[in-house]
Amino acid sequence: MRPHQPMEFLRQLDLVNPEALDLPVHLIGCGGIGSFTALVLSKMGIHRLSLYDPDAIEDHNLPNQLFRLKDVGRLKVEALREILEEFAGTAVEGLPITIEAQRMTGVVISGVDTMRARKTIWLRSIRYRSGVLRYLDARMGAEVARIYAVNPTDPDDIRLYEKTLYDDAEAEVFPCTAAAISYSGFAIASLIGNLVKRLATGEDVPREILLDLKTLTLLTSSGDRS
Amino acid sequence: MLFGIWPRILQTRIPFAFGYPLAPPAQHAFPAGAQIGRGHMLRDQEGHAVAEIAEGNIYVLFNLLGQDGELRPLLLRRVLDLSLPHLLQELRSLSPLAMDPLRAMLEILRQETEELAAGWNRQRQATVQQAYLRECRSRLQQESAFLEHEMQFLQEILEEYARRITAETRRLHAYQDRLSLLRDIPSSKEDSLTDLDRLRELPEVRAVEVEESRITVFTAPIAVEYDDRQFQLGSFRIEISFAGDIRIRNLTHAIGAYDHPHVHQGRPCFGNIREGVAKMIGEYQFVAAVYVLLDFLRTVNPKDWRIPIAYWQEVRP
């Protein structure tokens, strides 16, 4: 068996300097969005990655999340740490906790599955936090994905984002048999990877991205005050 | 020659002779009467005295030599056609021809004059037509050039107006947005006091003072976690002016001119949060701004700190 070697990023050197990716990235939620995102980020060269998810892997998670059959019953963060180690040689931090008011810096990515959790994360850990470069709130329902990229110290961004924090009761509920599919997770993970690269290199980042895989539509918006 | 020799003789002006226009500088002529007119006066069809026959001589009374080169022989022929029939006797004495052949000869000469006159008229008409066309074209070109110039000028004015409309529309929308935003800011005494109370209730805030367009916040001791270690940075005074200036002073643990790893002589190096904080102050969101500034004081970044955090005292558990 070939001995373990650190990845070399020759194929992406002109796309992003590996040194630019030396920034902390926090990934909250390691399910349909987070598990694929973690893989994308690790393969990109993000090595200061922290994972947060208190849940364990269940059978129904297997088709639309990155986990292996043998991972059922394990903590998501533990299994994901192992997968990332195998796929990218990345030693990431994994904490099986719910984010309450933890202090985070750099890029924070949310892939949680309830609006209540989003509100808690936003109000207690993100809003007004000067150390958070950008908060990427990724949402997915069936074949539609939406990502909000929020500067938590910019009042325009704050206003726009807080308008999207509706209650869980108002959220569209998909039937259990039409809630998630693997390619949606890969697609949204690709977009998040692109946003992280843009943040790392100082490129423009749209305030909102909408991806509709049913109609194959991709829309970006920088938003306005309305 | 006559005009030069007898300058004392009165002169008149005739614009036409035999119906032909005379050159403007050569329209002077001798009037009938006075010294002229003792012979037989001959007049053209318009009554102008054009010649005088006296003692077998023909005197031309207008300025024949001053006319244009092509008109001059025609006028001379006209004078001769008019005069010679009155000098048949004199001609008879000089010519071998009898009277009738002489008359016939004069008639032939008169017809030649008519043909010459017709040719001259045709040439003159052609010249006039060409001049007319040339003049018309010139006027058209002048007017076209004028209109093109005016249109270019108006186009530039319209473009400038369009640019101004765009700019002013943007300003209008910006002012509308700003006004809408200001109207959303709590303005009542109760709301403002609530904001102030919220500021005072922050756990890191010890006191808040407001004076002369400035809000001053005194903080409790602030500690920073870095590299799994905790450092005591001390208590700070944050001054926020309504105009947007921010000064942060370390009241207890300044390291020389450094109040904080990211604050030198009271001037914070905000990095990527500068724009957001400025917007918040612009919107009178002082509570939010203080939240951000407190978080700023609790955050250090080794990539752009001015002095390392290790200069401050480490807190040991």
Side-chain angles (χ1 to χ4, degrees), chain A residues 17-26 47-48 50 93 95 101-108 121-136 149-163 195-196 198-205 207 222-226, chain B residues 170 173-182 184-185 198-199 202-204 222-228 230 246 248 260-263 268-305:
Chain A
N17 183 340
E19 290 177 11
L21 296 175
D22 179 25
L23 77 170
V25 177
H26 301 265
H47 57 93
R48 294 168 65 188
S50 301
E93 180 185 34
L95 298 174
Q102 286 84 346
R103 186 170 175 72
M104 288 180 278
T105 58
V107 179
V108 180
I121 293 166
W122 168 250
L123 292 175
R124 298 193 181 176
S125 292
I126 305 296
R127 188 172 69 164
Y128 303 145
R129 300 296 186 184
S130 67
V132 176
L133 179 61
R134 208 61 113 237
Y135 174 55
L136 306 179
V150 189
N151 177 349
T153 61
D154 186 311
D156 291 330
D157 278 26
I158 293 170
R159 263 190 297 276
L160 284 168
Y161 179 67
E162 290 187 343
K163 284 180 186 173
L195 291 178
V196 171
R198 284 170 177 271
L199 289 166
T201 54
E203 295 173 62
D204 284 343
V205 174
R207 276 183 170 143
S222 290
D224 52 10
R225 191 184 297 134
S226 57
Chain B
R170 283 181 185 153
H173 288 167
Y175 287 174
Q176 285 171 340
D177 287 350
R178 176 77 179 160
L179 183 61
S180 166
L181 192 142
L182 291 178
D184 288 343
I185 294 172
R198 282 173 55 204
L199 210 51
L202 292 177
E204 300 92 339
I222 287 178
V224 166
E225 279 190 24
Y226 174 71
D227 202 16
D228 294 330
Q230 196 172 49
I246 296 172
I248 299 175
H260 180 277
H262 296 290
V263 180
C269 177
F270 280 137
N272 61 302
I273 68 167
R274 177 182 303 281
E275 184 183 346
V277 172
K279 280 185 184 178
M280 285 174 173
I281 295 171
E283 295 177 10
Y284 304 98
Q285 292 192 39
F286 293 108
V287 178
V290 170
Y291 267 118
V292 174
L293 294 176
L294 289 172
D295 199 64
F296 167 76
L297 291 175
R298 287 197 302 260
T299 307
V300 292
N301 184 349
K303 284 184 180 174
D304 58 7
W305 61 25

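On a predicted model such as this, the values are computed, not experimentally measured, just so you know.
For B/Q176, the CD atom is densely surrounded, since the number of other residues' heavy atoms within 6.0 Å is greater than 12. In this structure, B/D304 places its CG atom where more than 12 heavy-atom neighbours from other residues, nucleotides or ligands lie under 6.0 Å away.
With sequence neighbours excluded, the residues that form a salt bridge (charged side-chain N to carboxylate O under 4.0 Å, His left out) with B/E275 are B/K279. Taking the salt bridge (charged side-chain N to carboxylate O under 4.0 Å, His left out) definition, one finds that B/R298 meets it with B/E204, B/D295, sequence neighbours left out.
The two residues A/N151 and B/N272 have their closest heavy-atom pair at ND2-O, 4.3 Å. Among all heavy-atom pairs drawn from B/G276 and A/P155, the shortest one is O-CD, 3.5 Å.
The shortest distance between side-chain heavy atoms of A/R103 and B/T299 falls below 4.5 Å.
With a 4.5 angstrom heavy-atom cutoff, A/D22 touches chain B via backbone and side-chain atoms both. With a 4.5 angstrom heavy-atom cutoff, A/I158 touches chain B only via side-chain atoms.
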